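Positions are given from 1 along the sequence. In this text, all values refer to a predicted model and were calculated from it rather than measured experimentally.
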Amino acid sequence: MPALASDLSSNLPNNASGFCLPGWAEKPHWPALLVLLILWATHVVATWGEATPFSGDYGRWLHEMDRFAHGEVPYRDFSWGFPPMSLWILGTTARWFGSDVETFRIITVTLSLLIYVAFFKYASNLLPRKLVLPAVIACCLLSVAYAQRGSVPLPAGMYIPAAPLGFLFLLCAVLLVLHGWRAPSKLGSSLTGVFCGLCLLTKQDFWLPAIYLVAVDFLVGVRGKDGKAIAQKIWAPLCFLMTAFGGILIVAHQSGWKAVERVPGGFGLLSEFGGRGLPSWERLAVEAAELGLLLVASLACLLVTQASSWHVLRKVFLGALLLSLLAGSIHVSMRVYGGVRLGSKELTPLAAPIDEQPRDHVLPNRGLLGRAIQELLLRSQVHLLPVLLPVFAFALVLLVPRNLESPPERRALLFLLGLCIVCRARRLFEYTEWYYFLLEIPVYLWMTQLLLPDSKEKVLAGLRLAIVGFILVGAYSYWFYGMGNFTRRGVGVAMTTPRGVVRVGPGELQYYTALTHSLGDIDPGGERPLFVYGYSSGGFNYFLNRRNLTPLTQGFWFSNASAENVLVGLQSLKPGPIVLDNTYFLNLQRPSVAIDPFRWDLKMQETSFSRFDRPLFLRLVERCRKVEEIPSRPPNYLTVYDCNP
């Protein structure tokens with residue numbers, strides 16, 4: 001047996017589940033945990049208070065949490081497009097300690113601390129001590145950087161706390177499964193089921209991973225034909241079902257079965273935004289170019305350290321390089337061809353996965369070829385870890401088993417790679433979630449060691465070199481995407497709101513000041529309700545501490561209530577409401593939920609704000625008085641209406 005496999009097998013007991021892992025977790029690398037905590041604390045201090053109070057989803061979820069904290073019921077009294085667990089946990093905490101922004105910051109900081117401590121334990125299970133320290137640095141930098149991409153720091157998450165909470169539950173379940181491979185127990189299996197059930201109640205992203213984790217772990221245990229092991233394994237699916245159904249019954253009791261039926265589709269969010277994750281030939285070209293480039297960089301690190309001979313990896317290296325160049329050339333050529341075909345100096349419209357900024361804002365005028373190349377680079381940044389990478393890795397381990405002479409190791413690796421794949425199933429080609437880095441990178445590092453067992457020390461040296469590259473990319477990404485200290489956006493200006501002090505850009509401070517003056521002139525006492533039209537607009541209600549008497553927290557169509565009834569209710573209020581029109585998403589197009597294999601890019605559709613919401617809003621304000629237009633990010637405006645007859 002090769003040296004590395006022999007070294008591992010000496011510490012790997014074959015248990016009833018048929019899985020085994022390295023024994024490194026028995027000796028945690030505590031200096032790595034200390035460095036990770038220092039990085040985490042530095043990030044928290046650097047980003048504390050850095051949040052735009054009117055920045056989309058961030059303000060909306062604060063508004064929804066605030067409504068829950070004051071006794072309102074989700075789905076019945078206000079809109080919430082996700083399962084209820086994050087509301088139940090964070091909202092209940094806010095009931096006890098208050099719902100000002102400082103409380104939510106402390107909650108999310110605590111949540112992120114738990115995530116990184118659990119991640120350290122996870123990485124220690126898979127990696128040798130020599131790789132744990134650089135790996136946790138790279139993963140921490142990349143995760144906090146991409147958590148702020150197009151959003152605000154929670155500090156670990158993107159737009160709502162449901163994703164961090166769901167990933168924490170999933171990570172706890174994974175750790176319990178890994179522990180169960182060494183020491184199976186009824187308690188461990190039961191807790192695995194409970195955490196997976198909590199995943200189901202937290203966010204739709206974690207439904208497939210939770211089901212996969214319970215099902216595969218149970219089925220492998222059943223195949224072991226060990227009666228005791230089967231009796232222990234049965235507790236995981238049993239507790240999973242009990243936890244999930246318990247949450248479903250609570251929602252049905254509070255808000256009715258109709259709410260339960262509409263949760264899977266996010267109350268219309270799936271049909272509106274589902275197209276952003278669909279594949280297209282254009283996106284597949286980016287994926288192929290990025291996958292090839294990543295393979296070239298990884299193999300180069302191994303070749304430099306002589307972890308494997310050039311003769312062994314030559315074909316793979318050259319094939320990956322050719323794939324990257326060919327796919328990148330196709331992408332650039334198609335972008336240039338589209339512009340030439342239209343007789344234009346501009347690129348044709350593109351179904352951007354997440355960037356909803358106008359193309360001219362993202363791509364300065366550098367000529368058609370220059371803009372096409374920059375478009376490819378921008379698209380590549382969306383998926384720093386390509387979507388096809390876990391699929392490629394799974395196929396590699398499945399088809400090349402000769403270097404994995406320990407079947408339990410191979411099963412464990414396929415199990416974890418399968419988990420990485422199902423975690424990608426919902427987002428697909430939309431963007432890279434921050435937690436992909438925490439889940440996937442340790443698995444890829446472990447896989448490389450198992451596939452190249454002949455030169456253990458040289459492989460470790462090559463992997464350390466590759467991780468250094470990830471650290472550099474992570475540091476740059478943090479500077480580029482982040483906010484606060486150590487970033488290109490810098491530290492914002494302190495601004496006092498009724499909900500606490502936040503830090504914003506100078507332009508946003510002027511924006512907020514003009515809005516508060518306008519509202520003060522209309523309603524000095526602050527008693528009249530405020531209705532804000534537009535997607536993710538609840539932050540105005542939260543930070544201005546103004547009542548929202550409708551169940552709507554985003555637009556008209558995204559609601560569990562009848563939009564027509566909401567309109568009639570607003571029109572009948574006496575005194576009438578103050579209405580804000582947020583036109584940022586007006587006339588925006590998004591990829592439609594339709595697959596057409598003969599198209600280069602995705603089909604586009606107008607957003608609900610034009611198709612459904614806008615006609616209702618115009619009916620609402622047709623009898624209102626326009627008070628002021630407040631410039632925001634040009635050419636967008638926030639229009640203030642006084643609807644008091």
Side-chain angles (χ1 to χ4, degrees), residues 53-54 56 59-60 62-64 66-80 99 267 497-499 511-586 607-632 636-645:
F54 307 138
R60 176 173 62 86
L62 287 173
H63 175 55
E64 291 158 342
D66 182 56
R67 295 182 71 160
F68 182 90
H70 284 85
E72 296 188 47
V73 176
Y75 317 119
R76 186 190 72 189
D77 299 328
F78 64 91
S79 302
W80 178 253
S99 56
F267 295 91
T497 74
R499 291 298 191 168
Y511 176 52
Y512 176 80
T513 302
L515 176 60
T516 53
H517 286 169
S518 181
L519 295 179
D521 292 339
I522 300 172
D523 179 30
E527 298 297 325
R528 290 172 57 189
L530 176 69
F531 176 74
V532 186
Y533 164 74
Y535 178 67
S536 299
S537 298
F540 290 91
N541 292 97
Y542 176 80
F543 281 102
L544 294 170
N545 200 21
R546 293 262 182 174
R547 294 176 300 155
N548 177 5
L549 298 183
T550 78
L552 304 181
T553 57
Q554 50 176 339
F556 279 92
W557 190 54
F558 294 91
S559 171
N560 50 305
S562 167
E564 187 70 29
N565 290 342
V566 172
L567 175 62
V568 172
L570 283 168
Q571 291 174 330
S572 64
L573 287 176
K574 298 189 183 305
I578 300 172
V579 175
L580 303 183
D581 179 15
N582 183 3
T583 60
Y584 180 67
F585 288 99
L586 188 62
T607 62
S608 67
F609 315 111
S610 298
R611 305 197 312 272
F612 306 113
D613 292 13
R614 196 68 190 176
L616 291 168
F617 177 77
L618 294 178
R619 285 172 56 192
L620 172 64
V621 299
E622 62 184 3
R623 291 177 290 181
C624 301
R625 177 175 63 92
K626 182 187 291 187
V627 177
E628 186 178 4
E629 284 189 347
I630 303 172
S632 174
N636 305 291
Y637 293 87
L638 184 72
T639 307
V640 183
Y641 292 90
D642 184 358
C643 296
N644 196 28

- Would you say Glu527 has more than 12 foreign heavy atoms packed within less than 6.0 Å of its CD? no
- Item | Test item: Asp642 side-chain N/O and Arg625 main-chain N/O as donor-acceptor pair under 3.5 Å | no
- Under 3.5 Å: donor-acceptor pair, side chain of Asn548, backbone of Phe531: no
- Task: Kindly write out the residues that satisfy salt bridge (Lys or Arg N to Asp or Glu O under 4.0 Å) with Asp77, not counting sequence neighbours, or none if the list is empty.
- Result: none
- Item | Non-neighbouring partners of Thr639 that pass side chain to side chain contact (heavy atoms under 4.5 Å, CB included), sequence neighbours left out | Asp581, Lys626, Glu629, Tyr641
- Looking only at heavy atoms, the pair that brings Gly576 and Asn644 closest together is N-OD1, 3.2 Å
- May I have the step-by-step check of side-chain contact (heavy atoms from CB on, under 4.5 Å) for Ser608 and Phe558, ending in yes or no? CA-CA 9 Å; Ser608 67; Phe558 294 91; 3.0 Å; yes
- Message: What's the separation between atom CG in Leu552 and atom CH2 in Trp557, rounded to the nearest 0.5 Å?
- Response: 13.5 Å
- Which heavy atom in Ser99 sits nearest to a heavy atom in Ala69, and how many Å separate them? CB-CB, 4.2 Å
- Query: Which atoms form the tightest heavy-atom contact between Val579 and Phe617, and what is the distance?
  - Reply: CG1-CE1, 3.4 Å
- Applying salt bridge (Lys or Arg N to Asp or Glu O under 4.0 Å), name anything that partners Arg499, two or more places apart in sequence or on another chain. Asp66, Asp100
- Query: Measuring from Asp523:CG to Ile578:CD1, what's the distance to the nearest 0.5 Å?
  - Reply: 4.5 Å
- Item | Closest non-hydrogen atom pair between Leu616 and Glu564, with its separation | CD2-OE1, 3.9 Å
- Indicate yes or no for a side-chain donor-acceptor contact from Thr516 to the backbone of Tyr512 under 3.5 Å, with no hydrogens or angles considered. yes
- Query: In Å and rounded to the nearest 0.5 Å, what is the CG to CD1 distance from Leu530 to Ile522?
  - Reply: 9.5 Å
- Identify the heavy atoms of Ala561 and Pro551 that sit nearest to each other, and give their distance. CB-CG, 3.5 Å
- Note on the structure: d(Phe556 CZ, Ser562 OG) to nearest 0.5 Å is 11.0 Å
- Message: Taking the side chain as everything from C-beta on, heavy atoms only, tell me whether Asn541 gets closer than 4.5 Å to Arg67.
- Response: no
- Message: Under the criterion side-chain contact (heavy atoms from CB on, under 4.5 Å), I'd like the reasoning laid out for Gln554 against His63: C-alpha separation, chi angles, the key distance, then a yes or no.
- Response: CA-CA 11 Å; Gln554 50 176 339; His63 175 55; over 6 Å; no
- Query: Between the main-chain N or O of Cys643 and the side-chain N or O of Arg623, is there a donor-acceptor pair closer than 3.5 Å?
  - Reply: no
- Query: Side chains of Val627 and Ser518: closer than 4.5 Å at any heavy-atom pair?
  - Reply: yes
- Are the side chain of Ser572 and the backbone N or O of Gly569 linked by a donor-acceptor pair below 3.5 Å? yes
- Pairwise side-chain contact, Pro74 with Phe68, heavy-atom cut-off 4.5 Å (strictly under): yes
- To the nearest 0.5 Å, how far apart are NE2 in His70 and CZ in Phe78? 12.0 Å
- Identify the two heavy atoms, one from Arg528 and one from Pro577, that lie closest to each other, and give their separation to 0.1 Å. NH2-O, 3.4 Å
- Interatomic distance, CG@Leu620 vs CG@Asp613, rounded to 0.5 Å, equals 12.0 Å
- Message: Please check: side-chain N/O of Tyr533 versus main-chain N/O of Phe609, any donor-acceptor pairing under 3.5 Å?
- Response: yes
